[in-house]
Amino acid sequence: MKMKALIFLQIREDLVEENTLGILNKLIETNPSIEIHGALLRDQIKSEWVEEAGKHGVKKIHTVKASELEVYLSIPYVKSMLEIIKDIEPNLVIAAGTVYGEDLIPRLAVQHGVSCAERITDITFDSGEIIFHSPVRDDQVMKATKIVGPIKFATTRTGAFFVNENPSGSSPEVTEVSVTFDEDDMVVKHIEIKKAERTVNLKDAKVIVAGGRGVGGKENFQIIKEIAKLLDGEIGATRACTDVHWIEETYEIGQTGQSVSPDLYIGAGISGAPQHMSGIKAKTLIAINTDEGAPIFNYADYGIVGDMHLILPILKKKLEG
Amino acid sequence: MKIVVFISQIVNPQVKLQGVDYFDSSRVNEDDLIINPYGKNAIEGALKLKEILGADVTAVCSKGLKPNKALREAIAMGCDNAIEVADETFYTEDPLILAKIYTNILEKIEEFDLVLLGVEEQSTSSYATAAMLAEKLNLPSVLYAEEIEIQGDKLRVGHVLEGGRKIVEMPMKGIISCSDSQFFIPRYTTMKGILNAKRAEIPIWNAADIGVSASVVGEEAASLKQISLSNIVIEKESFIIKEGEPEEQVDKLLAKLKEDGVKLGV
Ligand SMILES: Cc1cc2nc3c(=O)[nH]c(=O)nc-3n(C[C@H](O)[C@H](O)[C@H](O)COP(=O)(O)OP(=O)(O)OC[C@H]3O[C@@H](n4cnc5c(N)ncnc54)[C@H](O)[C@@H]3O)c2cc1C
């Protein structure tokens, strides 16, 4: 039986969101015969998004166009998705595990009386069954699950799937679905989006010295800056640090911050949360943390279990030679 | 205003149980259980609102063996009441089952306004329960909150967003999942709190008390079926210096980097 998937086509900064494109690549790679439908919900639908999705393998796009969909809000988005699901009866409904995707999928699942697979890093198809794979226990253990029910729902972990660099799909068919909203659908009101200022681009940095909550304060970021300078690199930080303004928010790395791919990444006082690590593809990663069990050591090539306040000044001195 | 905080227990990540052994309940003893750290963030959120609004805060735990200790800690932090909801039949590995249990607990509690939860379960990264609960109860919700402000009879909630932060407004009656942002950093227990916790009477409800049975909350009822748990083999070799004086450690690291031809700097 031919499998039908519906993907939530999220738009981020006027483009089809990267992780979403990554899922398309993954689905086609693991199940070439899969028929992929996309849901595009917005106040305006741009033809560039439709074309981009088609290029990456979406065959049919279902759009809902309404001013209520200008910014993601749970209730109107759920309502729209339910209409599309009803129309096409997919076997799989999937979204990238962004803040919006993780809000949307569990709700859709509830409306169909089933649970969902969370933050998967792999998906396999085994004689008509869909198997979801999610890492747990700080990435030490892989949990394989399946969902019992006609429609399976899943979100992916951000950073898990790569975008196809040479996509060859064609223009998709577009169907407009009409949905109306009432006052009750808009009980949660959008006030504003505070976009983080990105004054420094870390994308091309070859060396990044990053600090986390273990840095302990604004003034302690000085040593991070000094070492970064010695190594001719940039500084980086976790959201825990930018949240409290120890360091400018431009330096946030991860799912909600910048994505980086340096040759060398030194992380001090960082636990290694998946949301931070998903933004890092480093050739060499060095971790400094007092807690031997910190998940960042799973990603590290080199590491020191110790107090960064003691280690970094010594490192600095030795680098100064 | 009445706030309900759902907390859960996880096996302390610091225990020596590695890989799949961590999930083997026969190897875990009661003392290894701690409140899921994000649950403590939710408690903090409730206590902050309590300070402003004079809310009454009830902590509820229905995940993990013998949640009594966790609930006493919640009271010691400042929660007013606690309810232990435990039953052998509960299959809490499925976020939807957990949402069903929470739904019934709230129906029994009857009067409540805001419901707070942690953003996810640290050990499993399971985050779906909050959204599922909102959908089941048909209540407004905000996930991944970083800050809550009161604006008249509404709540202004700032939440995590790719590329920044989003601010939304919602009614006081709703569901919020709380992150570990500065706003939600949990306070310490106080002497007075610890005394309250000692004296507190914590009711225990079972499946029948909240009107559910194994056929809806047991493992058989779960639509999310676990097929397997397997250890992830980390192929890359890592060089972690665990012992020694700081200076020695740095020397060792630099020597090893040199040996491996890893250049520091560009
Ligand atoms: C939807 C969502 C998206 C998110 N996106 C991002 C993102 O893009 N980027 C991001 O960074 N975070 C993000 N987060 C937050 C993320 O989940 C973690 O909370 C955050 O990354 C933790 O930062 P941290 O490692 O600095 O702090 P913690 O997790 O608190 O870790 C601090 C570490 O420092 C160590 N330490 C303490 N003192 C010392 C010392 N003296 N010397 C050495 N080590 C010490 C501790 O052992 C600990 O391991 C997101 C969260 C959510 C909910």
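Letters A, B, ... are given to chains in the order of the sequence lines, protein chains preceding strands, and every chain is numbered from 1. Note that this is a predicted model, so its numbers are computed, not measured.
At most 12 heavy atoms of other shown residues, nucleotides or ligands fall within 6.0 angstrom of atom NZ in B:Lys252.
Only the side chain of B:Glu120 comes within less than 4.5 Å of a heavy atom of chain A; its backbone N, CA, C and O stay farther away. For a residue to count as touching a neighbouring chain, one of its non-hydrogen atoms must lie under 4.5 Å from one of that chain's; by this rule A:Arg137 touches chain B with backbone and side chain alike. For A:Leu264, the part lying near chain B is the side chain, with the backbone staying farther off; criterion is any non-hydrogen pair under 4.5 Å. At a 4.5 Å heavy-atom cutoff, A:Val209 makes no contact with chain B through either its backbone or its side chain. For chain A, the nearby part of B:Leu17 is the backbone; its heavy atoms alone come within less than 4.5 Å. Contact annotation for A:Ile105: neither backbone nor side-chain heavy atoms come within less than 4.5 Å of a heavy atom of chain B. For A:Ala240, no part sits under 4.5 Å from any heavy atom of chain B, backbone or side chain. In this structure, chain A has heavy atoms under 4.5 Å from both the backbone and the side chain of B:Thr124. When heavy atoms are compared at a cutoff of 4.5 Å, A:Val187 approaches chain B by way of both its backbone and its side chain. Looking at A:Leu319, the atoms closer than 4.5 Å to chain B (heavy atoms on both sides) all sit in the side chain, from C-beta outward. Heavy atoms of A:Thr98 lying under 4.5 Å from chain B belong to its backbone as well as its side chain. Within the 4.5 angstrom heavy-atom criterion, only side-chain atoms of B:Leu254, from C-beta onward, approach chain A. Contacts of A:Asn298 with chain B are made by both backbone and side-chain atoms, with heavy-atom separations under 4.5 Å.
Not one N or O on the side chain of B:Arg165 forms a donor-acceptor pair closer than 3.5 Å with the backbone of A:Ala196. A:Glu249 places no side-chain N or O within donor-acceptor distance of the main-chain N or O of B:Gly164, the cut-off being under 3.5 Å. Side-chain N or O atoms of A:Asp243 include one that pairs as donor or acceptor with a backbone N or O of B:Gln182 at under 3.5 Å. Of the possible polar contacts, none joining the A:Ser115 side chain to the B:Ser223 backbone as a donor-acceptor pair under 3.5 Å is found.
Heavy-atom pairs under 4.5 Å with chain B peak, among A:Val136, A:Thr158, A:Thr242, at A:Val136. Note on A:Gln258, A:Glu252, A:Glu197, A:Arg213: by heavy-atom pairs under 4.5 Å with chain B, the leading option is A:Arg213. With chain B as partner, the option from A:Pro106, A:Ala144, A:Gly254, A:Cys116 having the largest number of non-hydrogen pairs under 4.5 angstrom is A:Ala144. Chosen from A:Lys152, A:Glu192, A:Gln275, A:Arg157, the residue pairing most often with chain B at heavy-atom distances under 4.5 Å is A:Glu192. Of the residues considered (A:Asp307, A:Val188, A:Ile304), A:Ile304 shows the highest number of contacts with chain B, using heavy-atom pairs under 4.5 Å. Between chain B and the options A:Gln255, A:Arg239, A:Lys318, A:Lys195, heavy-atom pairs under 4.5 Å are most frequent for A:Arg239.
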Report task. May I have the step-by-step check of side-chain contact (heavy atoms from CB on, under 4.5 Å) for B:Val250 and A:Ile311, ending in yes or no? Result -> CA-CA 7 Å; B:Val250 174; A:Ile311 304 288; 3.8 Å; yes
Requested in this report: Output, in order, the C-alpha distance, side-chain angles, deciding distance and verdict of side-chain contact (heavy atoms from CB on, under 4.5 Å) for B:Asp251 and A:Ile314.
Outcome: CA-CA 9 Å; B:Asp251 284 338; A:Ile314 298 171; 6.0 Å; no
Report task. Please report the C-alpha distance between B:Leu257 and A:Tyr302 in whole Å, then the side-chain angles of each, then the deciding distance to 0.1 Å, and finally whether the side-chain contact (heavy atoms from CB on, under 4.5 Å) criterion is met. Result -> CA-CA 8 Å; B:Leu257 289 171; A:Tyr302 303 90; 3.6 Å; yes
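Contact annotation: the side chain of A:Val71 approaches that of B:Lys166 to within less than 4.5 Å [non-hydrogen atoms, C-beta and beyond]. Side-chain contact check for B:Ile227 versus A:Thr145: every heavy-atom pair is 4.5 Å or farther apart. A heavy-atom distance below 4.5 Å is not found between the side chains of A:Val141 and B:Tyr22.
Of the inter-residue distances, the one linking B:Leu224 atom CG with A:Ser134 atom OG reads 8.0 Å to the nearest 0.5 angstrom. Interatomic distance, A:Ile191 CD1 to B:Gln151 CD, rounded to the nearest 0.5 Å: 8.0 Å.
Summarising the geometry of B:Ile232 relative to A:Met142, their closest heavy-atom pair is CG1-N, 3.6 Å, with the distance given to 0.1 Å.
Sorted by first then second residue, the side chain to side chain donor-acceptor pair (under 3.5 Å) pairs that include residues 125-144 of chain B, not counting sequence neighbours, are A:Glu102-B:Tyr144, A:Arg107-B:Glu135, A:Arg107-B:Ser141, A:Gln111-B:Glu135, A:Glu118-B:Ser126, A:Arg119-B:Tyr144, A:Thr155-B:Tyr127.
Partners of A:Tyr100 under the ring-ring contact (aromatic ring centres under 6.0 Å, His included) rule, at least two apart in sequence or in another chain, are A:Tyr72.
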